[in-house]
2 protein chains.
Amino acid sequence: MQSHRLPTLEDVARVAGVSRATVSRVVNGIRNVDPQLHELVWTAVEQTGYVPNKMARSLVTRRTGTVALVVSDSETHDDDPFMSRFFADPYFGRVVGGLMSVLRPASVQLALQMVGADGHKRLVGDLRNGQADGAVVLSLPARDPLPGLLADARIPAVLIGRPADPVPISYVDLANETGAALAADRLAARGCRQIGMISGPADVPASQDRITGFRRATARHGHAWVPTASGNFTQESGERAMRSLLAGHPQLDGVFVANDLMALGALLVLRDAGRRVPEDVAVVGFDDSSAALAARPALTTVRHPLEDMAAEAAKLLLVRVEDPDARVSSVIYEPTLVVRQSA
Amino acid sequence: MQSHRLPTLEDVARVAGVSRATVSRVVNGIRNVDPQLHELVWTAVEQTGYVPNKMARSLVTRRTGTVALVVSDSETHDDDPFMSRFFADPYFGRVVGGLMSVLRPASVQLALQMVGADGHKRLVGDLRNGQADGAVVLSLPARDPLPGLLADARIPAVLIGRPADPVPISYVDLANETGAALAADRLAARGCRQIGMISGPADVPASQDRITGFRRATARHGHAWVPTASGNFTQESGERAMRSLLAGHPQLDGVFVANDLMALGALLVLRDAGRRVPEDVAVVGFDDSSAALAARPALTTVRHPLEDMAAEAAKLLLVRVEDPDARVSSVIYEPTLVVRQSA
DNA sequence: GTACGCTTGGAGAGCGCTTTCCAGATTGCG
DNA sequence: CGCAATCTGGAAAGCGCTCTCCAAGCGTAC
């Protein structure tokens, strides 16, 4: 084992009896190098245990081989504890898993970045000079200025979930409206007469789309008006919303809940209220997260292929990193309904 | 906005009319620099929009300001899909959240690294020359060689969960035995006569400790023999284990389940079998994950302060990065029992 | 036999930053 | 008032790598 200093290109060159340039060419597999020299160099590399220094390489190539996963919450102050709660959400893990599935084969690193309202400028600065080659952005709140800043700075970036305001930036998203419509159709098909909805926060695009899509579809089925209570995507808020919905509309016999976690809460409240699911009240969730399977009765829900979407985002980003002038593009995934027991 | 080239130290120096060295000193807050010059330099920095280039800085300082979160699964081949499943586990998110809570205030980046059996050597190589300043290791399988390799290479590293074999490396862990004993005490206090256990995989240290601790404590309470079924920490495996346990020991009136997810499964099976919880069968889980609260009845469980532990791991790592010769240390957390409804 | 084209390896100029070493300026004290 | 001691800012040497020239070396054709 080397004492302290790690072997450098120089060392390998000396051992192999060639110049640094030649070693560099061999290591990077470039150009025509005499096969004999090629061989010679490789043995020298093995022998010295040489590993190229990433920093030095990046300094000249202007490439880091890293992309950032930016969790942006512009409404949160930088040292708020809020965001750590976000990490516990299955959402986060699914995204990471999806990203990794394409990043790892491409030998690209993933660096985690959290940024609150105050960090936007610094983040863009850091990104601009090679903190990372690009960024996948998870924009929590509505009207996040970050996508715009990123676009202005010409930093390769891909959003997961469409931006609230139109911005020239690539993104992947789910056809949330279609998904919500699927839920509405199911409820209607079951013959529900009095349909309600538990929505997410009103200012999140994905949440808005689910509301719009659900309303439009129920209207098509003859339900002019759908009572709605809103939560913030946590189980607890789902319980609260269900309680209020039930209080206002006792004959409710079908409800669409904008995510599975809230649906879980709704299920508990319904049970406590003595309603059978799905006999008395049919429930449809959204996301098809692991919670949906864990629920009793198992949740009928709209499948949200988050892993695939994250993987696609990673692919788009990689393309964009390769060619910064590539066309801005978006990929919209079609949700499907997963029928289980709750509706 | 600059056209293409970002401003460098040189540029700032020219604008301020001083040398690069002086700008560097000011930017890094070093040495005595004339307050007037200091001021001058800062305005030049603002004016040019200068952001130090991390790569160049790292190249000379040998510091990256990044630590890696290594998810090691030496039993998995590098392109197995297994690990992506791991990300969806709340465990992962809790660790990330805990790490971030100390890394972010310290302005240290977190880079995600997954590594299977084949990647160990490369990982160590990459780490050794400045991929990252150190690593927090999440070692999934038993007998992972990685901790040893890391120690040999003198790479600052901290494990979450004790290593299977003794290795000179820092770690944080939970007093799993104590936790299991807490569960046993609770079951005994409730007057359970026929106690069973659903354990995790036999080769994972944490799992072993829970088994040992539970057996020892039940023995103290006069239960010489505890029937045990094992799972792999998933809900589904918990269901299976519960079914087999119930089949073999119909008069079971108390069960300790080695994690909450499996406990969730056990609860479902018990309900299907017509057993009331906790009246007929008392159930104690482990982890106090969000699943424990979501369960009905809410799960009595052993609290596993994973976020705190991860935060501590980050602190230990930071210390070690600062002083590589710091003493190897371990921090063991004491679990507590969270009594809810299931026992 | 000379000229010309092509291949191949080496020299060397940076990439942007930190940091050591030194010279010049300033101060304190005899 | 002079000399040593102290402080400040600049020049310059790298950190390890890539990549653009350039000079040989070789083969071919005239």
Legend entry - Pairwise salt bridge (charged side-chain N to carboxylate O under 4.0 Å, His left out) hits with a residue in residues 156-167 of chain B, at least two apart: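 Output for this query lists Arg143(B)-Asp165(B), Arg162(B)-Asp209(B).
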Legend entry - Residue pairs, two or more places apart or on separate chains, that pass salt bridge (charged side-chain N to carboxylate O under 4.0 Å, His left out) and touch residues 36-57 of chain A: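 Every pair satisfying salt bridge (charged side-chain N to carboxylate O under 4.0 Å, His left out) with a residue in residues 36-57 of chain A: there are none.
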Output one line per pair: protein atom, nucleotide atom from nucleotides 14-16 of chain D, and distance, for all N/O pairs under 3.5 Å.
from, atom 1, to, atom 2, distance (Å)
dC15(D), O3', Arg62(B), NH2, 3.1
dG16(D), OP1, Arg62(B), NH2, 3.0
dG16(D), N2, Ala56(A), O, 3.4

Inset, instruction - Output yes when at least one side-chain N/O atom of Ser24(A) is less than 4.0 Å from OP1 or OP2 of dT18(D), else no. - result: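 Affirmative; the distance criterion is met.
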Inset, instruction - Output yes when at least one side-chain N/O atom of Thr22(B) is less than 4.0 Å from OP1 or OP2 of dG10(D), else no. - result: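 Yes, within the criterion.
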According to side chain to side chain contact (heavy atoms under 4.5 Å, CB included), who are the partners of [X], at least two apart in sequence or on a separate chain?
| X | result |
| --- | --- |
| Ser329(A) | Ser170(A), Leu316(A) |
| Thr66(B) | Thr64(B), Gln109(B), Ala111(B), Ala132(B) |
| Thr43(B) | none |

Legend entry - Contacts of Glu322(B) that satisfy side chain to side chain donor-acceptor pair (under 3.5 Å) - sequence neighbours left out: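 Counting only residues at least two positions away or on another chain, Glu322(B) forms a side chain to side chain donor-acceptor pair (under 3.5 Å) with Arg63(B).
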Legend entry - Terminal axis angle for the helix from dG1(C)-dC30(D) to dG30(C)-dC1(D), five pairs an end, nearest 10 degrees: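 The value is 60°.
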Legend entry - Side chain Asp133(B), main chain Val67(B), donor-acceptor under 3.5 Å: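 It does not hold such a pair.
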Please list every donor-acceptor pair under 3.5 Å in which a side-chain atom of residues 12-20 of chain A meets a protein atom from a residue at least two apart or in another chain.
from, atom 1, to, atom 2, distance (Å)
Arg14(A), NH2, Asp11(A), OD1, 3.2
Ser19(A), OG, Ala21(A), N, 3.4
Ser19(A), OG, Thr22(A), N, 3.3
Ser19(A), OG, Thr22(A), OG1, 3.2

